[in-house]
Amino acid sequence: MIYSKIYETRWHDTDACRVLRPSAMLTYFEETADLHVRSVGKSLDDMRDENKVGFILSRMSIVFYRPVVADVALHVETWTSEGRGFSTERNFRALDGDSVVAEAT
(Lines give C-alpha, C1' and ligand atoms only; values in the text may rest on other atoms or scores of the structure.)
Protein backbone atom coordinates (compact mmCIF):
# COMPACT_ATOMS: atom_id res chain seq x y z
CA MET A 1 0.00 0.00 0.00
CA ILE A 2 1.40 3.38 -1.01
CA TYR A 3 0.86 6.18 1.47
CA SER A 4 1.17 9.75 0.23
CA LYS A 5 1.25 13.25 1.67
CA ILE A 6 1.59 16.67 0.07
CA TYR A 7 3.89 19.23 1.68
CA GLU A 8 4.44 22.87 0.84
CA THR A 9 8.23 23.25 0.73
CA ARG A 10 9.42 26.06 2.96
CA TRP A 11 11.95 28.78 2.38
CA HIS A 12 13.85 27.96 5.57
CA ASP A 13 14.39 24.39 4.28
CA THR A 14 16.50 25.73 1.42
CA ASP A 15 20.21 26.56 1.25
CA ALA A 16 21.97 29.75 0.13
CA CYS A 17 21.12 28.89 -3.50
CA ARG A 18 17.41 28.53 -2.56
CA VAL A 19 17.50 24.78 -3.22
CA LEU A 20 15.89 22.34 -0.78
CA ARG A 21 18.57 20.89 1.50
CA PRO A 22 18.93 17.07 1.48
CA SER A 23 18.25 17.05 5.23
CA ALA A 24 14.89 18.75 4.60
CA MET A 25 13.94 16.09 2.04
CA LEU A 26 14.83 13.42 4.60
CA THR A 27 12.57 15.18 7.12
CA TYR A 28 9.65 15.02 4.65
CA PHE A 29 10.40 11.32 4.09
CA GLU A 30 10.55 10.59 7.83
CA GLU A 31 7.32 12.47 8.52
CA THR A 32 5.54 10.56 5.74
CA ALA A 33 6.80 7.21 7.08
CA ASP A 34 5.47 8.07 10.56
CA LEU A 35 2.08 9.07 9.13
CA HIS A 36 2.01 5.81 7.14
CA VAL A 37 2.51 3.75 10.32
CA ARG A 38 -0.17 5.81 12.12
CA SER A 39 -2.62 5.23 9.25
CA VAL A 40 -2.59 1.49 9.96
CA GLY A 41 -3.38 1.99 13.64
CA LYS A 42 -0.01 2.19 15.37
CA SER A 43 2.24 5.10 16.15
CA LEU A 44 5.97 4.84 16.61
CA ASP A 45 5.40 5.95 20.23
CA ASP A 46 2.85 3.15 20.78
CA MET A 47 5.25 0.59 19.39
CA ARG A 48 8.03 1.82 21.68
CA ASP A 49 5.86 2.10 24.81
CA GLU A 50 3.70 -1.02 24.41
CA ASN A 51 5.92 -3.44 22.50
CA LYS A 52 9.39 -2.11 23.44
CA VAL A 53 10.40 -2.02 19.77
CA GLY A 54 11.43 0.72 17.40
CA PHE A 55 13.04 1.48 14.10
CA ILE A 56 16.73 2.00 13.48
CA LEU A 57 17.85 3.48 10.20
CA SER A 58 20.82 1.36 9.18
CA ARG A 59 21.40 2.63 5.64
CA MET A 60 19.83 5.07 3.23
CA SER A 61 20.24 5.71 -0.46
CA ILE A 62 18.74 8.84 -1.99
CA VAL A 63 18.89 10.06 -5.58
CA PHE A 64 17.99 13.65 -6.53
CA TYR A 65 16.96 14.05 -10.17
CA ARG A 66 16.61 17.82 -10.06
CA PRO A 67 16.66 20.62 -7.51
CA VAL A 68 13.54 21.50 -5.52
CA VAL A 69 12.87 25.07 -4.46
CA ALA A 70 10.66 26.72 -1.85
CA ASP A 71 6.89 27.12 -2.25
CA VAL A 72 6.43 23.89 -4.22
CA ALA A 73 3.66 21.38 -3.53
CA LEU A 74 5.88 18.34 -2.96
CA HIS A 75 4.00 15.04 -3.19
CA VAL A 76 5.81 12.41 -1.09
CA GLU A 77 4.97 8.71 -1.38
CA THR A 78 6.19 5.82 0.78
CA TRP A 79 5.70 2.07 0.89
CA THR A 80 7.43 -0.93 2.39
CA SER A 81 8.85 -3.98 0.69
CA GLU A 82 8.72 -7.49 2.06
CA GLY A 83 10.95 -7.75 5.09
CA ARG A 84 13.58 -10.34 5.90
CA GLY A 85 14.07 -11.18 9.57
CA PHE A 86 14.25 -7.93 11.48
CA SER A 87 14.91 -5.88 8.34
CA THR A 88 12.29 -4.08 6.32
CA GLU A 89 12.96 -1.88 3.33
CA ARG A 90 11.03 1.38 3.05
CA ASN A 91 10.87 3.21 -0.26
CA PHE A 92 10.16 6.87 -0.99
CA ARG A 93 9.38 8.98 -4.02
CA ALA A 94 9.02 12.79 -4.15
CA LEU A 95 7.19 14.43 -7.04
CA ASP A 96 6.80 18.03 -8.14
CA GLY A 97 3.69 17.79 -10.28
CA ASP A 98 4.20 14.73 -12.51
CA SER A 99 7.99 14.92 -12.29
CA VAL A 100 9.89 12.62 -9.91
CA VAL A 101 12.48 14.83 -8.21
CA ALA A 102 13.92 12.32 -5.70
CA GLU A 103 13.76 8.64 -4.77
CA ALA A 104 15.11 6.86 -1.72
CA THR A 105 15.37 3.38 -0.25
Query raised in the report: In Å and rounded to the nearest 0.5 Å, what is the CD to CD1 distance from E77 to I6?
Result: 9.5 Å

Query raised in the report: Can a donor-acceptor pair be found between the side chains of Y7 and T32 at a distance below 3.5 Å?
Result: yes

**Report entry** Hphob cluster co-occupancy, V76 + V100, side-chain heavy atoms under 4.5 angstrom
**Finding:** no

Requested in this report: Enter the distance from D71:CG to R10:CZ here, rounded to the nearest 0.5 Å.
Outcome: 11.5 Å

Query raised in the report: Ion pair present between R66 and D96, side-chain N to carboxylate O less than 4.0 angstrom?
Result: yes

Query - Check: T105/R90 side-chain N/O donor and acceptor closer than 3.5 Å - result: no

Query - Residues, nucleotides or ligands: over 12 heavy atoms within 6.0 Å of E30 CD - result: no

Requested in this report: Locate the shortest heavy-atom distance separating V40 from M1; write the atom from each residue and the value.
Outcome: CG1-CE, 4.1 Å

Query - I62 side chain near E103 side chain, heavy-atom distance below 4.5 Å - result: no

Query raised in the report: Would N91 and S81 count as a side chain to side chain contact (heavy atoms under 4.5 Å, CB included) if you check the C-alpha gap in whole Å, the side-chain angles of each, and the deciding distance to 0.1 Å?
Result: CA-CA 8 Å; N91 305 286; S81 300; 2.9 Å; yes

**Report entry** Single-linkage hydrophobic cluster, 4.5 Å side-chain cutoff, V19 and L95 together
**Finding:** no

Query raised in the report: Out of curiosity, S4 OG to F92 CZ, how far, rounded to the nearest 0.5 Å?
Result: 13.0 Å

Query raised in the report: Has the side chain of T9 got a donor or acceptor atom that lies under 3.5 Å from a matching backbone atom of V69?
Result: yes

Query raised in the report: Are W79 and M60 connected in the hydrophobic side-chain network, where two residues link if heavy atoms are under 4.5 Å apart?
Result: no

Query raised in the report: Do F64 and L74 sit in the same hydrophobic cluster, where Ile, Leu, Val, Met, Phe, Trp and Tyr count as joined when their side-chain heavy atoms come under 4.5 Å apart?
Result: yes

Report task. Evaluate side chain to side chain contact (heavy atoms under 4.5 Å, CB included) for V63 paired with Y65, printing each intermediate quantity in order. Result -> CA-CA 6 Å; V63 177; Y65 297 110; 3.6 Å; yes

Report task. Would you give the length of the straight line joining atom CZ of R21 to atom OG1 of T14, rounded to the nearest 0.5 angstrom? Result -> 7.0 Å

Report summary line: Distance col, row R93:CZ vs T78:OG1, nearest 0.5 angstrom, shows 10.0 Å

Query raised in the report: If you measure from OG1 on T80 to OH on Y3, what distance do you get to the nearest 0.5 Å?
Result: 14.0 Å

